[in-house]
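Following: one structure in structure tokens, then a few remarks.
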Amino acid sequence: MTRRLADKKPDWVRHARPVDGMERIEAWFQGNAYAMHRHDTYAIGRTLAGVQSFHYRRGKQNSLPGNTMVLHPDEAHDGQAGSGEGFQYRMMYVPPALFQDVLGGQALPFIEGGVSSDARVAAATVALLHPVHHAPEALEQSDGLAELVHALAAVAGLPARRHGGDFLAARRAREYLHAHHERGVTLEQLERATGRDRWSLSHDFRLFYGTSPYRYLTMRRLDAVRRLLIAGSSLAHAAASAGFADQSHMTRHFSKAFGMTPGRWLRIVQGAGPG
């Protein structure tokens with residue numbers, strides 16, 4: 001018993017800076033973490049290590065690494081380690097009003113049991129459950145939230161909302177992103193440039209251009225990075241000039257887009273020689 005107590009690691013919780021009403025944490029606990037409580041927000045998270053157990057709607061649930069927890073607003077729950085090793089997780093707290101900005105008056109999606117292994121939900125949470133030291137751009141968070149709400153609505157079986165898009169607004173957004181990709185583009189700027197609210201614009205852009213405004217912006221920045229690297233710029237200078245927060249931010253997006261680091265890509269391009 002004494003040895004087990006000595007091996008116990010201290011619990012910790014790290015908080016991210018809130019962005020547009022959303023809060024995020026990352027935490028580690030051994031043993032009991034939280035007594036029964038409830039939020040007036042969605043609590044949506046990912047277990048990173050260990051077994052995360054909690055009581056929810058008259059049952060006990062276990063979330064394993066890779067699972068997504070989706071706790072509905074105002075539903076009581078607690079939290080504790082499901083094994084002696086403890087557990088680590090990330091969680092975001094999303095006001096239902098942000099869901100309704102996307103849903104436009106539909107019922108809020110409910111995930112039975114509070115734990116999902118659905119690939120659509122897992123993929124949609126990736127863009128939002130960053131490490132707490134990463135501060136997402138507002139456009140990045142808006143895109144990620146829209147994808148998450150649509151994924152949860154689909155998994156919950158809500159009927160799809162069908163409505164036409166505004167092509168002229170989407171085209172104006174695309175032109176604006178082209179012209180300003182090297183600096184931060186805010187949602188307010190896009191709304192002013194297009195005359196369309198952000199959620200409708202996000203729908204329009206996906207409908208007509210097959211991707212989200214933020215992904216489109218990111219790819220234009222990566223295009224600029226590749227041109228700058230070929231011209232002899234350093235990785236840090238290319239990242240800053242193209243509009244990324246820093247070199248690591250650029251490298252992460254480059255690797256996701258092209259399947260290799262920018263340094264490796266540049267060595268391959270430079271080693272190819274004339275065709």
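It should be emphasised that the depicted structure is a prediction, and the values quoted were computed from it without experimental measurement.
Classified by interplanar angle (parallel below 30°, tilted 30° to 60°, perpendicular above 60°), the ring pair His253/Tyr214 is perpendicular.
With a 6.0 Å radius and a threshold of 12 heavy atoms from other residues, nucleotides or ligands, His237 has its NE2 atom at or below the threshold.
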Only distances under 3.5 Å count here; give the side-chain donor-acceptor pairs of residues 95-103 to other protein atoms, sequence neighbours excluded, each with its distance to 0.1 Å.
{"from": "Gln100", "atom 1": "OE1", "to": "Gly105", "atom 2": "N", "distance (Å)": "2.9"}
{"from": "Gln100", "atom 1": "NE2", "to": "Gln106", "atom 2": "O", "distance (Å)": "2.8"}

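Residues satisfying the ring-ring contact (aromatic ring centres under 6.0 Å, His included) test with His77, not counting sequence neighbours, are His37, His39. With sequence neighbours left out, Arg227 forms a salt bridge (Lys or Arg N to Asp or Glu O under 4.0 Å) with no residue at all. Arg192 pairs by the side chain to side chain contact (heavy atoms under 4.5 Å, CB included) definition with Glu188, Gln189, not counting sequence neighbours. With sequence neighbours left out, Thr261 forms a side chain to side chain contact (heavy atoms under 4.5 Å, CB included) with Ser255, Arg264. Applying the salt bridge (Lys or Arg N to Asp or Glu O under 4.0 Å) rule to Arg46 yields no partners; only residues at least two apart in sequence or on another chain are considered.
Tested against His130 for a side chain to side chain donor-acceptor pair (under 3.5 Å), the candidates Arg90, Glu140, Glu26 yield a single pass: Glu140.
Electrostatic pairing of Arg206 and Glu147 counts as a salt bridge here, judged by a charged N lying under 4.0 Å from a carboxylate O. Using a 4.0 Å cut-off between charged nitrogen and carboxylate oxygen, Arg196 and Asp204 count as a salt-bridge pair. Salt-bridge annotation for Arg57 and Glu75: present, with a side-chain N of the basic residue lying under 4.0 Å from a carboxylate O of the acidic one.
Hydrophobic clustering (side-chain heavy atoms under 4.5 Å, transitive across Ile, Leu, Val, Met, Phe, Trp, Tyr) groups Met250 together with Trp265. A continuous path of ILVMFWY side-chain contacts below 4.5 Å connects Ile230 to Val225, so both sit in one hydrophobic cluster. Linking Ile, Leu, Val, Met, Phe, Trp and Tyr whenever their side-chain heavy atoms come within less than 4.5 Å puts Ile25 and Met69 in one cluster. At a threshold of 4.5 Å between side-chain heavy atoms, the hydrophobic network of Ile, Leu, Val, Met, Phe, Trp and Tyr places Tyr176 and Phe208 in one connected group. Grouping the Ile, Leu, Val, Met, Phe, Trp and Tyr side chains by contacts below 4.5 angstrom, directly or via other members, places Leu48 apart from Leu128.
Taking each heavy atom of Gln30 and Gly86 in turn, the nearest pair found is CG-CA, 3.5 Å. Pro109 approaches Leu152 most closely through the heavy-atom pair CB-O, 3.7 Å. Of all the heavy atoms in Leu158 and Ala107, the pair that sits closest is CD1-O, 3.2 Å. Between Ala154 and Arg120, the shortest heavy-atom distance links the atoms CB-NH1, 3.9 Å. Pairing each heavy atom of Ala169 with each of Leu201, the nearest pair is O-CD1, 3.8 Å. When all heavy atoms of Ala76 and Arg38 are compared, the closest pair comes out as CB-NH2, 3.7 Å.
The closest side-chain donor-acceptor pair between Gln52 and Thr47 falls under 3.5 angstrom. Residues Ser53 and Asn62 bring a donor and an acceptor atom of their side chains to less than 3.5 Å of each other. With 3.5 Å as the limit, one finds a donor-acceptor pair spanning the side chains of Ser248 and Asp246.
In this structure, Asp143 and Arg215 have side chains that are not in contact, with every pair of non-hydrogen atoms separated by 4.5 Å or more. Using a 4.5 Å heavy-atom cutoff, the side chains of Phe87 and Phe29 are in contact. Contact of the His72 side chain with the Val70 side chain is not registered, since no non-hydrogen atoms from C-beta on lie closer than 4.5 Å. The shortest distance between side-chain heavy atoms of Tyr209 and Phe167 falls below 4.5 Å. Residues Thr218 and Glu137 fail the side-chain proximity criterion, which asks for heavy atoms closer than 4.5 Å. Residues Asp40 and Pro73 form no side-chain contact, since every pair of their non-hydrogen atoms from C-beta on lies 4.5 Å or further apart. Asp166 is not listed as a side-chain neighbour of Ser200, based on a closest heavy-atom distance of 4.5 Å or more. Here the side chains of Leu139 and Leu217 are in contact, with some heavy-atom distance below 4.5 Å.
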Starting from the C-alpha separation in whole Å, work towards a yes-or-no answer on side chain to side chain donor-acceptor pair (under 3.5 Å) for Arg174 and Tyr216.
-> CA-CA 8 Å; Arg174 177 179 173 273; Tyr216 189 85; 3.0 Å; yes

Trace of the side-chain contact (heavy atoms from CB on, under 4.5 Å) decision for Phe205 with His203 | CA-CA 6 Å; Phe205 206 93; His203 167 271; over 6 Å; no

For Asp20 and Gln141, what are the C-alpha separation, side-chain angles and deciding distance, and is it a side-chain contact (heavy atoms from CB on, under 4.5 Å)?
-> CA-CA 9 Å; Asp20 287 347; Gln141 180 169 290; 3.9 Å; yes

Test log, rule side-chain contact (heavy atoms from CB on, under 4.5 Å), inputs Leu71 and Tyr56 | CA-CA 8 Å; Leu71 308 184; Tyr56 183 74; 3.8 Å; yes

Intermediate values then yes/no, side-chain contact (heavy atoms from CB on, under 4.5 Å), Leu177 and Val185 | CA-CA 8 Å; Leu177 294 172; Val185 176; 4.1 Å; yes

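Judged by the 6.0 Å and 45° rule, Arg14 forms a cation-pi pair with Trp12.
For the atom pair CZ (Arg221) and NE2 (His181), the distance works out to 8.5 Å, reported to the nearest 0.5 Å.
Taking the six-membered ring for Trp and the full ring otherwise, the centers of Phe54 and Tyr34 sit at least 6.0 Å from each other.
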